[in-house]
Amino acid sequence: MTTIVLASASPARLALLRSAGLDPKVIISGVDEEAVSAETPAALALTLARAKAAAVAEQVGDGLIIGCDSVLEFDGVAYGKPETPETAKARWARMRGRSGRLLTGHCVVDAASGREAAEVGSTVVRFGTPTDGEIAAYVATGEPLRVAGAFTLDGFGGWFVDGIDGDHGNVLGISLPLVRRLFGELGVEVATLWRA
């Protein structure tokens, strides 16, 4: 049985993989996200995903390592996790009533051979129009401080997202169809990885 390792601390990514039949080990990469830069938001998401997968592949030596990183592209700028409540409130004040693109870099590394397959998933997110009071209440939950773009679909943030165009899993942090394609590039059929 092939070992699957998720190179991410994200509970949403882990839950999505588990609900879809995989039973990954979790090893956090330790990559310093603040030290990484790139020319575009998509390139940043992919560079970080590759770095995380590579760092964990070096540690384990065997198995399929899945690295992911998400950013919200809004007005051409990449936004990760807001560091402070003030930043989260300011972002929501700008985002309400508008759209952004949630970009998730995905990288799968076959640790034994060193081969990798990587791609960026993109989903348009249409934000609702929460009031200042709703934004303050949302930020007070602490949830937006822990996630790229300062929102979730599967938590309190779901109240304030009017819709998406694309894969909802990508917004949660991992696109199952995209990961299936990456497994395929490495010669692995996803059904062979499902737990019994």
Side-chain angles (χ1 to χ4, degrees), residues 6-17 24 26-56 65-96 98-107 118 120-128 130 132 134-162 164 166-175 178-179:
L6 177 61
S8 170
S10 163
R13 287 184 185 119
L14 180 60
L16 198 53
L17 287 172
V26 173
I27 300 177
I28 299 165
S29 68
V31 168
D32 179 4
E33 296 181 23
E34 298 303 313
V36 176
S37 62
E39 299 224 339
T40 66
L44 179 63
L46 192 58
T47 299
L48 285 165
R50 280 188 158 124
K52 290 176 178 182
V56 171
I65 317 306
I66 304 169
C68 296
D69 195 82
S70 299
V71 298
L72 177 70
E73 182 180 16
F74 190 76
D75 288 338
V77 176
Y79 291 102
K81 299 171 185 150
E83 297 302 316
T84 66
E86 294 71 32
T87 301
K89 285 178 190 170
R91 276 197 207 162
W92 264 98
R94 280 197 309 274
M95 295 186 315
R96 65 181 156 198
R98 299 179 63 200
S99 295
R101 287 195 317 148
L102 199 290
L103 303 170
T104 299
H106 297 69
C107 180
V120 176
S122 175
T123 305
V124 173
V125 180
R126 298 188 307 277
F127 295 103
D132 288 346
E134 286 172 326
I135 290 171
Y138 180 41
V139 171
T141 68
E143 180 183 273
L145 301 182
R146 298 187 296 269
V147 291
F151 76 98
T152 64
L153 280 185
D154 58 343
F156 293 104
W159 296 103
F160 310 121
V161 175
D162 282 353
I164 65 168
D167 179 0
H168 83 285
N170 191 63
V171 180
L172 300 181
I174 189 165
S175 167
L178 196 160
V179 172

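For the atom pair L16 CG and S175 OG, the distance stands at 9.0 Å (nearest 0.5 Å). Taking CD1 from I28 and OG from S8, the interatomic distance works out to 8.0 Å, rounded to the nearest 0.5 Å. With rounding to the nearest 0.5 Å, the separation of CG in D69 from CG in L46 is 10.0 Å. In this structure, NZ on K81 lies 8.5 Å from CD on E83, to the nearest 0.5 angstrom. Considering SG of C68 and CG of L6, their distance stands at 6.5 Å, rounded to 0.5 Å. For the atom pair OG (S10) and CD1 (I174), the distance works out to 8.5 Å, reported to the nearest 0.5 Å.
Nearest heavy atoms, L172 versus A12: O-CB, 3.6 Å. In terms of heavy-atom proximity, C107 sits nearest to A53 at O-CB, 3.8 Å. Closest non-hydrogen pair, P82 versus T87, comes out as CB-CG2, 3.9 Å. Of all the heavy atoms in H106 and G121, the pair that sits closest is ND1-N, 4.1 Å. Nearest heavy atoms, R126 versus S99: CG-OG, 3.4 Å. Residues G76 and P41 share a closest heavy-atom pair of O-CG, 3.8 Å.
By the side chain to side chain contact (heavy atoms under 4.5 Å, CB included) test, A54 pairs with no residue at all, sequence neighbours left out. Take R13 and apply the salt bridge (charged side-chain N to carboxylate O under 4.0 Å, His left out) test, not counting sequence neighbours, and it matches no residue. Not a single salt bridge (charged side-chain N to carboxylate O under 4.0 Å, His left out) links R94 to another residue, sequence neighbours left out. A search for salt bridge (charged side-chain N to carboxylate O under 4.0 Å, His left out) contacts involving R91 returns nothing, not counting sequence neighbours. A38 is linked by a side chain to side chain contact (heavy atoms under 4.5 Å, CB included) to A43, L44, T47, counting only residues two or more places apart in sequence or in another chain.
Between the side chain of T104 and the backbone N or O of N170, at least one donor-acceptor pair lies under 3.5 Å. Checked by atom type and distance alone, the side chain of T123 pairs as donor or acceptor with a backbone atom of D167 at under 3.5 Å.
Side-chain contact between L72 and M95 is present, with at least one heavy-atom pair separated by less than 4.5 Å. Counting heavy atoms from C-beta on, the side chains of V161 and V171 never come closer than 4.5 Å. A 4.5 Å side-chain heavy-atom check between D132 and R96 finds at least one atom pair inside the cut-off.
None of W92, W159, F160 except one satisfies the ring-ring contact (aromatic ring centres under 6.0 Å, His included) rule with F127; the exception is W92.
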Derivation of the side chain to side chain contact (heavy atoms under 4.5 Å, CB included) call for L17 and I66: CA-CA 11 Å; L17 287 172; I66 304 169; 4.2 Å; yes
Between side-chain atoms of residues 145-156 and protein atoms elsewhere (two or more places apart, or another chain), which donor-acceptor pairs fall under 3.5 Å?
from : atom 1 : to   : atom 2 : distance (Å)
R146 : NH1    : G142 : O      : 3.3
T152 : OG1    : E143 : OE2    : 2.8
T152 : OG1    : G155 : N      : 3.2

